[in-house]
Amino acid sequence: MKPFYITTTLPYVNAEPHIGFAMEIIRADIIARSKKAAGHDVFFNTGTDEHGIKIYRKAKEQNIEPQEYCDKMALKFKAILPALGIMPEINFIRTTDPHHVAAAQEFWKLVDKNGYIYKKNYSVKYCVGCELEKTDSELVNGRCPLHPLTELEIIQEENYFFKWSAFQQKLLDLYAERPDFVIPDFRFNEIKAFVERGLEDFSISRIKSKMPWGIPVPGDEDQVMYVWFDALVDYISAIGWPDDEVQGKNEKGAFKKWWMETGGVVQYCGKDNLRQQSAMWQAMLMAAGLEPSRQIVINGFVTGEGGIKMSKSLGNTVDPLEIVKEYGTDALRYYVARELSPFEDSPFTKEKFKETFNAGLANGIGNLTSRVLKMVVDNGVKIEFKPVKPIAIDGYNIKAACDEIWKLIQEADKSIQDQQPFKVVKTDPEKGKEMIATLGGQLYTIAQLLEPIIPETAAKIQEHLRENKMPAAPLFARR
RNA sequence: CGCGGGGUAGGGUAACGGUAACCCGUCAGGCUCAUAACCUGAAAAUUGGCGGUUCGAUUCCGCCCCCCGCAACCA
């Protein structure tokens, strides 16, 4: 069995789980399940990113310790996985796990040993009014928009820097070698163009006295790692690097297996992560002397109606759990898989969700199941249960794969209409039953193909066919 | 001239140098096994604008207009 490793980005725990993360992990889960169905040995990773200034502030706001805050949030993220139908064997890593902390420090040491970390003074703009550091992008006309009358102070700060600039050519070589390193291609072009323009070293630490919530920098009491540097390492610490043992799984040689010998280390992420995943992280791996990732898949964003960015202030956000509560897990998975554009931004509205639900699930697979099952059960038809080769999801185009399956549903509906087995069975029972058995077989095939997309439903259909009985309630009641 | 993405039927998307496809919706007909479901057919797009290349462009090139991200430490 060929190993296959797939991971989502680790959501930052400064806010509740949102629809964007739900989309990302559902897609990764669909890929993971389809690879598993195709006979791969799959390692599927997710977790939580817990360090950094935002978390620190959030915890302070709530008057609790950062660790306590993170524990609470990590639980929340973990708790939603079953509601999203994520395969139960998924690995859940936290960047505060002792194993990860040790790995991040080891990673730092390696990169340092190889000469890619150095200390440098750099100046920070500080707004006394906010008592916060400000980045240039936060400023309006060179001033803090909240305190436009206050002069910004320039503070000198000494941080560690990562020699990103040393990897420009190596990154470009990597991109040239692997034509499908970043998917989709327009994102790949974007990152190539970015790297071609030149890279600047970036700071990878913070002064502990100002921001203590981070992994201590090895050999320097006064500094903690900048959260990005630590978080990215999770992709390898999750599979046991450096001690080659996955937590609690006791698997020797895990890193080698999942990272080096795998058919594809796939990192799923949002388009805001393009740079970090496909350029920063790859350079970091090179700096540590490790193999780069195999493939990065970039999602678009889920937007509100009319492609408008979702935001709380606009009130157009969607809570994935609310949707699950109202429509069920598979309904959300179906929408993510079939209706959202696989790579571009696409809108999520309740109205559209309902429409899609009715069309694809209630009228589509739900109704087909009812009509076939009814004929099967009423006539006591015996079906031949043949295992089927899972559908290949080419180029991570989950939507296209769904279209193929729904085409089969449509064909089954059409053949019922054209051949009218419900009529034939009354005049020629033998022939009618044969036709119905064929239909039952087709439905069984469809159910198997649906497993990665809507696993709960897929299992239900197969069960009912095997037990030769009608479901107590329709699979998807029309709304 | 900062970088990148995008503008295709009412909505959402696809495709492609040679009759513009799919889903939803709309309209008409059919069927009755089924969840007012299903099947068939129809209406509906001069593919943002203007120019160019070409026998032929929505597809390639140039310019313009509009929308959306990013612009480096935002995880």
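Every chain is numbered from 1 and lettered A, B, ... according to where its sequence line falls, protein lines coming before strand lines. In this text, all values refer to a predicted model and were calculated from it rather than measured experimentally.
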Output field: ring centroids [X]/[Y] closer than 6.0 Å:
| X | Y | answer |
| --- | --- | --- |
| A/Phe357 | A/Tyr334 | no |
| A/Tyr116 | A/Trp164 | no |
| A/Phe188 | A/Tyr175 | yes |

Distance between the [atom1] atoms of [N] and [M], in whole angstroms?
| N | M | atom1 | answer |
| --- | --- | --- | --- |
| B/C24 | B/G41 | P | 14 Å |
| B/G7 | B/C39 | C1' | 36 Å |
| B/A21 | B/C27 | P | 23 Å |
| B/U8 | B/C3 | P | 25 Å |
| B/U58 | B/G17 | C1' | 10 Å |
| B/A14 | B/A45 | C1' | 14 Å |

B/S/- along nucleotides 21-32 of chain B (protein heavy atoms under 4.0 Å) is --SS-----BSS

Looking at A/Ser415, does any N or O in its side chain come under 4.0 Å of the phosphate oxygens OP1/OP2 on B/C38?
no

Determine the interplanar angle of the A/Tyr268 and A/Tyr396 rings, folded into 0 to 90°, and report it as parallel if under 30°, tilted if 30 to 60°, perpendicular if over 60°.
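Perpendicular: the ring planes of A/Tyr268 and A/Tyr396 meet at over 60°.
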
Against the side chain of A/Ser203, the closest entry in B/C73, B/C38, B/A14 is B/C73

Please answer whether the main-chain N or O of A/Asp180 pairs with a side-chain N or O of A/Gln295 as donor and acceptor at a distance below 3.5 Å.
yes

Indicate yes or no: does A/Arg94 engage A/Asp71 in a salt bridge with an N to O separation below 4.0 Å.
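Judged by the 4.0 Å cut-off on N to carboxylate O distance, A/Arg94 and A/Asp71 do form a salt bridge.
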
